[in-house]
Amino acid sequence: MGAILIAVTGIDPKAWQERFRTLAPQRDVRVWPQRVGNPADVAYACAWHPPPGLLAGFAHLEAIFSLGAGVDHLMGDRLLPQVP
């Protein structure tokens, strides 16, 4: 079962991490940059203003979710993986 990566800048990821662990206890929830582990294990990225190119390093992503209103912060990344 693929891991969930929380990749945010400018906000504290703890609340998101706790929420995902509560609602999806069977999933491995990781927080960038503290605990990424093997990038190949990450299936879902939940992001808010991740550094450009960061998500390109996760070859097995199945979906990217914006943790806020809008996706402009993601769509400006020329290396954004082609996933939903």
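Predicted model only: the values in this text are computed from it and were never measured.
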Shortest non-hydrogen contact from Ser66 toward Leu74: CB-CD1, 4.1 Å
pair Pro84-Ile64: side-chain heavy atoms closer than 4.5 Å: no
More than 12 heavy atoms of other groups within 6.0 Å of Gln26 CD: yes
What is the minimum heavy-atom distance between Pro51 and Trp32, and which atoms define it? CG-CH2, 3.3 Å
Contact between Glu62 and Tyr44 at the side-chain level, heavy atoms closer than 4.5 Å - yes or no? yes
Treat each ILVMFWY residue as a node, draw an edge where side-chain heavy atoms are under 4.5 Å apart, and state whether Val8 and Val29 are in one component. yes
Quick check: do Val42 and His60 have side-chain heavy atoms less than 4.5 Å from each other? no
Using side chain to side chain contact (heavy atoms under 4.5 Å, CB included), reason through Asp41 and Arg30 one step at a time and then give a plain yes or no. CA-CA 10 Å; Asp41 296 339; Arg30 303 173 183 189; 3.4 Å; yes
Got more than 12 heavy atoms from elsewhere within 6.0 Å of CZ, Arg19? no
Heavy-atom closest contact (Pro25 atom, Leu23 atom, distance): CD-C, 3.5 Å
Give, for atom CG of Asp72 and atom CG of Asp77, the distance between the pair rounded to the nearest 0.5 Å. 13.0 Å
Distance-minimising heavy-atom pair for Leu55 and Ala45: CD2-CB, 3.8 Å
How long is the gap from SG on Cys46 to CZ on Phe20, to the nearest 0.5 Å? 3.5 Å
I'd like to know if Leu80 and Val36 are part of one continuous hydrophobic network [Ile/Leu/Val/Met/Phe/Trp/Tyr, side-chain heavy atoms within less than 4.5 Å]. yes
As a quick check of understanding, evaluate side chain to side chain contact (heavy atoms under 4.5 Å, CB included) for Leu67 and Ile11, giving each step before the final call. CA-CA 11 Å; Leu67 292 178; Ile11 61 172; 5.6 Å; no
Between His49 (side chain only) and His73 (backbone N and O only), is there a donor and an acceptor less than 3.5 Å apart? no
Distance (rounded to the nearest 0.5 Å) between Arg27 CZ and Met1 CE: 5.0 Å
Non-hydrogen atoms of Pro39 and Gly57 that approach each other most closely: CB-O, 3.5 Å
Hydrophobic cluster membership, Leu54 vs Phe65, 4.5 Å side-chain cutoff: no
Closest heavy-atom contact between Pro50 and Ala7? CB-O, 4.2 Å
Starting from Val71, can I reach Leu61 by hopping between I/L/V/M/F/W/Y residues whose side chains sit under 4.5 Å apart? yes
Considering only heavy atoms from C-beta outward, does the side chain of Ile4 approach that of Asp28 to under 4.5 Å? no
Is there side-chain contact between Thr9 and Trp48, with at least one heavy-atom pair below 4.5 Å? no
Quick one: are Pro52 and Leu79 in side-chain contact, heavy atoms under 4.5 Å? no
As a quick check of understanding, evaluate side chain to side chain contact (heavy atoms under 4.5 Å, CB included) for Leu5 and Arg35, giving each step before the final call. CA-CA 9 Å; Leu5 176 71; Arg35 189 173 94 67; over 6 Å; no
